[in-house]
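Since the structure comes first, as C-alpha cells, the remarks are kept for the end.
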Amino acid sequence: MYNSQPDKEIVISIHGLYKSFDECPVLQGINMEVYKSENVIVLGPSGSGKSVLIKLIAGLLKPEAGSVKVMGKEVGKLDKRELMGLRTKIGFSFQGSALYDSMTVYENMEFALVRQFKNMHGGEVRKTIREMLEAIGLGNAKNKMPSELSGGQKKRIGIARTLILRPEIMLYDEPTAGLDPVTSGGINDLINEVQIKNKTTSIIITHDLTCAKKTGDRLFIMHNGKFIKEGSFDEVFASKDERIKPFYDYNFTQ
Amino acid sequence: MNDWQCFFLIPIVGLHYRAKDKLTSKRYSVESNINQPEKYFITKGIDTFFIEVYNIAKFTGLFFKDLFTPPVEPREIINQCYEIGYRSLALISVTGFIIGAVFTKQSRPSLANFGATSWLPSLVGIAIIKALAPLVTALICAGKVGSGIGAELGSMRVSEQIDAIEMSGTDPFKYLVVTRVMATTFMIPVLVFYMALIAMMGSFVNVSINEHTSFTTFINAALGDINFMDYASCIVRAMVYGLTIGIISCYKGFNTAGGTEGVGKAANASVVLPMFLIFIEEVFIVQIFNWLKHV
C-alpha cells in the first residue's frame with residue numbers, strides 16, 4: 001500500500017474495509033494508515049462504527065470485504081494460533097472495562113501476565129502487578145472485587161491490565177466516557193505516558209475532544225461508516241463541515 | 001439426480017451455508033445483504049431449528065477437538081468441578097433423601113397387599129439405580145448448574161469479558177467451555193452415585209421404622225438384583241446427561257446476544273433445552289442397554 005509518510009513505519013494499514021450486521025451496513029469503505037508510535041483519534045457520532053473498526057483490527061470480528069493489515073499480517077486470513085500470537089502484541093481497553101467479575105483486581109492483572117510470560121516466577125509477577133497498581137494510584141485495591149470499584153477505578157485497572165503486557169499497539173474504546181474531568185485528565189496523561197515510554201502505537205475511539213486534543217497526533221472523523229476528514233486537531237476543526245462543527249461547538253463553545 | 005434427492009439435498013445444502021453464515025457473522029458480499037428480504041427454505045421456525053442443530057453439532061465438534069489439544073487448564077477444571085460438584089451436594093442430599101423415603105413409603109401399601117414388603121429394598125434398589133438417580137440428578141443439575149453456566153457466560157459475553165480473554169492471548173473456548181463441559185461430564189456421574197446412596201439411606205429410614213432390618217442387610221437386598229450392565233448404563237447415562245448440560249448451557253451462554261434480555265433468555269434456554277434432551281436421550285440409552293443385555 002502507498003505510504004504517505006515514507007520515513008515512518010506503517011503498523012496498521014486498512015484498505016476498502018466493509019462490515020455490516022444483518023441488514024445494517026456499518027463500515028462502508030474505510031481506508032486508514034497508522035504509523036509507529038503515533039496516537040490516532042477516531043471521532044464520530046454514536047453508532048457510526050468506531051468500536052466495530054477497532055474490533056476488526058483486533059480480529060474480534062471478521063471483515064466482509066477489504067483488507068486489515070496489522071504489523072504486516074492480514075488479520076482476516078490468520079488462523080487461530082497466528083491470531084492469538086498477534087494479539088499478544090495488541091492491547092485492548094474496552095469501553096466497559098471488561099474486568100473479570102469473578103476475580104479480584106490482582107487476579108485480573110495476573111490472568112494474562114502469567115499466560116504470556118510463562119517464565120516469570122511468582123515473586124516477579126507480584127512485583128510487576130504491585131508496581132503497575134501503584135503507578136495508576138490503586139496500590140491498595142489489589143484484593144478488591146470489580147463490583148467494589150468505581151467507574152474510574154475500573155477504567156484505570158482495565159487499562160493497566162492491558163499495559164502490564166507491554167503491547168506494541170493499544171486500542172482504546174472510549175477511555176474517558178462517563179468519567180469526571182479529573183479522572184479523565186489522569187487517563188489522558190496515562191495514554192501520553194505510554195506513548196512516550198513504550199513507543200506504543202495507539203488508536204483512541206472517543207467523543208471527548210479534550211482527550212482527542214491532549215492525546216491525538218492525528219484525527220479521523222467518521223460519519224455513517226466512512227472517514228470524512230483526516231488531519232491534526234486544528235486542521236480538522238478548522239473545517240466548516242456541518243457534520244464536524246457540532247462536536248467542537250458542544251465540547252468547547254457552549 | 002432424482003427429484004426426491006433434489007427435494008432433500010437442496011434445503012440441506014442451503015441450510016448448511018446459512019448456518020455457517022450465521023455462526024461466523026460473515027457475509028459473502030456487502031451488496032447481497034442490503035435491501036433484500038430474508039428468504040427461508042421451509043419456514044422461519046424450521047430453518048432456525050435446523051441452523052441451531054447445526055451450530056450445536058459444530059460447537060460439540062469443536063469441544064472434542066479442543067479437548068485433546070494443549071494447553072489444558074487444570075486449575076480452572078478443578079475450580080469448576082468444585083463449583084459444579086461440591087456446591088450441588090446440599091441440594092442433591094435433600095432431594096435424594098426425600099425421594100428414597102417417599103418412594104418407599106408410597107410403594108409399601110401395594111407390596112403389603114401381597115405380603116411382599118420384604119421385597120421393598122430390592123424394588124427401591126432397582127428403581128433408584130436404574131431410573132431415579134440418573135434422571136433426577138440430571139434434572140436437578142440442569143436447573144442448578146445449567147442456569148448458572150448460561151447466565152455466567154451470557155453476562156461475560158455481553159460485558160465483553162469473553163472478548164477481553166481473547167485479547168489476552170487465551171482461547172476463551174478452551175478456558176470457559178472445555179473446562180465447564182469436562183466438569184459437568186465427570187461430576188454428574190459422581191453426584192448420581194452420591195444421590196443413589198443418600199436415597200438408599202432415606203429408604204432405609206422408612207424400612208427401619210416398620211421392620212427390624214440392619215443397614216447391611218438392607219443394602220445387600222437392595223443391590224442384589226443390580227448387575228454390571230445396570231451400573232454401566234447408570235454411568236453412561238450420567239455422563240451423557242452431564243455432557244448435554246455442559247454443551248447446551250455453554251453454547252447458549254457463549255453465543256448470547258442482546259444485552260441483559262439476552263442473558264435471561266440464555267439462562268432460561270440453558271435449563272429448558274437440556275431437560276428436554278435428557279428425556280429424549282433416556283429413551284434411546286435405555287433401549288440400547290436393553291438390547292445389549294439380550295445380545
Side-chain angles (χ1 to χ4, degrees), chain A residues 16-29 51 54-55 58-66 76 80-81 83-103 108-109 111-118 146 158 161-162 164-165 167 171 173 225, chain B residues 18 20-39 62 65-66 69-73 75-76 79-80 82-83 148-149 151-176 179-180 257-260 263:
Chain A
L17 183 64
Y18 284 85
K19 179 72 186 172
S20 58
F21 293 101
D22 294 325
E23 299 300 304
C24 177
V26 178
L27 299 183
Q28 303 182 73
S51 298
I54 55 169
K55 284 190 175 177
L60 291 171
L61 294 172
K62 298 264 181 207
E64 214 162 67
K80 200 171 168 182
R81 187 182 287 263
L83 194 57
M84 278 169 69
L86 180 66
R87 280 178 184 150
T88 59
K89 294 171 183 167
I90 305 175
F92 198 120
S93 164
F94 290 88
Q95 194 171 351
S97 306
L99 297 181
Y100 311 128
D101 289 334
S102 56
M103 298 182 195
N108 263 280
M109 307 280 281
F111 183 82
L113 193 65
V114 294
R115 281 174 163 76
Q116 286 196 22
F117 302 97
K118 291 192 171 71
R161 181 181 65 176
T162 310
I164 204 169
L165 305 170
L171 306 171
D173 193 358
Chain B
R18 271 182 58 82
K20 203 173 167 186
D21 187 32
K22 289 239 174 192
L23 193 73
T24 56
S25 314
K26 201 195 228 172
R27 297 288 178 179
Y28 306 104
S29 72
V30 183
E31 290 73 23
S32 66
N33 293 314
I34 301 166
N35 302 326
Q36 272 193 8
E38 282 277 357
K39 288 175 186 168
L62 198 58
K65 191 181 153 217
D66 275 6
T69 50
V72 284
E73 299 278 355
R75 216 168 115 183
E76 185 60 11
N79 184 30
Q80 288 305 320
Y82 174 82
E83 289 293 326
I149 292 175
E152 186 189 12
L153 296 195
S155 57
M156 286 183 81
R157 170 62 76 194
V158 299
S159 62
E160 296 179 312
Q161 290 176 52
I162 293 180
D163 287 342
I165 292 176
E166 210 165 339
M167 285 310 299
S168 70
T170 302
D171 182 354
F173 191 89
K174 236 175 197 316
Y175 182 75
L176 297 171
T179 53
R180 280 162 176 77
T260 45
V263 177

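In what follows, every chain begins at residue 1, and chains take the letters A, B, ... in the order their sequences are listed.
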Margin query: Taking A:Arg115 first and then B:Glu73, would you say they form a salt bridge - that is, a charged N and a carboxylate O separated by under 4.0 Å?
Written below: yes
Item checked: For A:Arg161, salt bridge (Lys or Arg N to Asp or Glu O under 4.0 Å) partners two or more places apart -> none
Notebook entry, point to check: Can you name the nearest heavy-atom pair linking B:Met167 to A:Ala58, along with the distance?
Noted result: SD-CB, 3.6 Å
Checklist line | chain B contact via A:Ile90 - which portion, at a heavy-atom distance below 4.5 Å | finding: both
Check: Side chain, backbone, both or neither: which part of B:Ile165 has an atom under 4.5 Å from a heavy atom of chain A?
Finding: both
Item checked: Partner chain B: residue of A:Arg87, A:Gln95, A:Gln116, A:Met84 with the largest heavy-atom pair count (under 4.5 Å) -> A:Arg87
Margin query: If I measure from the heavy atoms of chain B, does A:Leu86 come under 4.5 Å with its side chain, its backbone, both, or neither?
Written below: neither
Check: With no hydrogens and no angle check, is any side-chain donor or acceptor of B:Glu166 less than 3.5 Å from a backbone partner on A:Leu60?
Finding: no
Check: Is any side-chain heavy atom of B:Asp163 closer than 4.5 Å to a side-chain heavy atom of A:Phe94?
Finding: yes
Note to self: Just to verify, what does B:Asp171 make a salt bridge (Lys or Arg N to Asp or Glu O under 4.0 Å) with, not counting sequence neighbours?
What the structure shows: A:Lys80
Notebook entry, point to check: Roughly how far apart are A:Ser51 OG and B:Glu160 CD, rounded to 0.5 Å?
Noted result: 7.5 Å
Next item on the list: Please determine, among A:Leu99, A:Thr88, A:Leu165, the option with the most heavy-atom pairs under 4.5 Å with chain B.
Entry: A:Leu99
Check: For B:Ser168 and A:Ala112, which heavy atoms make the closest approach, and how far apart are they?
Finding: CB-CB, 3.4 Å
